[in-house]
Amino acid sequence: MNHSPQGTGSHSIRGDRKLYAVDSINDLHKLNLCPAGSQHLFPLEEKMPTVGSHAGNGSYGLIFMALMVVLAVSLVLVAFVIFLIVQTGNKMDDVSTRLTAEGQGIDDLKKINSLIVKQLDQLDSAQN
């Protein structure tokens, strides 16, 4: 008899289940070396979780919560850095305004100093 490579019998379904049941190198070794009657593998239901089971969802929940905490902390840090940048900009504006005002005051003092020096020179020359 000629069997098609697609295998449309219950034997191919059982074979597919055996493939899914193999979850380690040792199980694969047992499937290849032991006769079919002496194989003592775990039942298929224990190896593959059912559709309704939630195996491992607790760890995914923990990972999700940890990710949310990390994102919240990073958001707070970014907001703090933006706040510091704005505050630093405001301080720099204040300092530059004061320096400009002091620069104008210094220019005024230089003008007054030059006027005083001229007056003293005139008084000194008038006395001599």
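- Atom-to-atom distance recorded for Leu67:CG and Ile63:CD1 is 9.5 Å, nearest 0.5 angstrom.
- No more than 12 heavy atoms of other residues, nucleotides or ligands lie within 6.0 Å of CE in Met92, so this atom counts as exposed by the packing criterion.
- Here CZ of Phe80 is found 11.0 Å from CD1 of Ile85. Values are rounded to the nearest 0.5 Å.
- Summarising the geometry, atom CD belonging to Glu102 is positioned 11.0 Å from atom CG belonging to Leu109; distances are rounded to the nearest 0.5 Å.
- A continuous path of Ile, Leu, Val, Met, Phe, Trp and Tyr side chains, each step under 4.5 Å between heavy atoms, connects Leu71 with Phe64, placing both in one hydrophobic cluster.
- The OG atom of Ser125 sits 6.5 Å away from the CD atom of Gln122 when rounded to the nearest 0.5 Å.
- Remark: Ile106 CD1 to Asn113 CG distance equals 12.5 Å, nearest 0.5 Å.
- Under the 4.5 Å side-chain criterion, counting only non-hydrogen atoms from C-beta, Gln87 is in contact with Asn90.
- Hydrophobic clustering, with ILVMFWY side chains joined whenever heavy atoms are under 4.5 angstrom apart, groups Leu120 together with Ile112.
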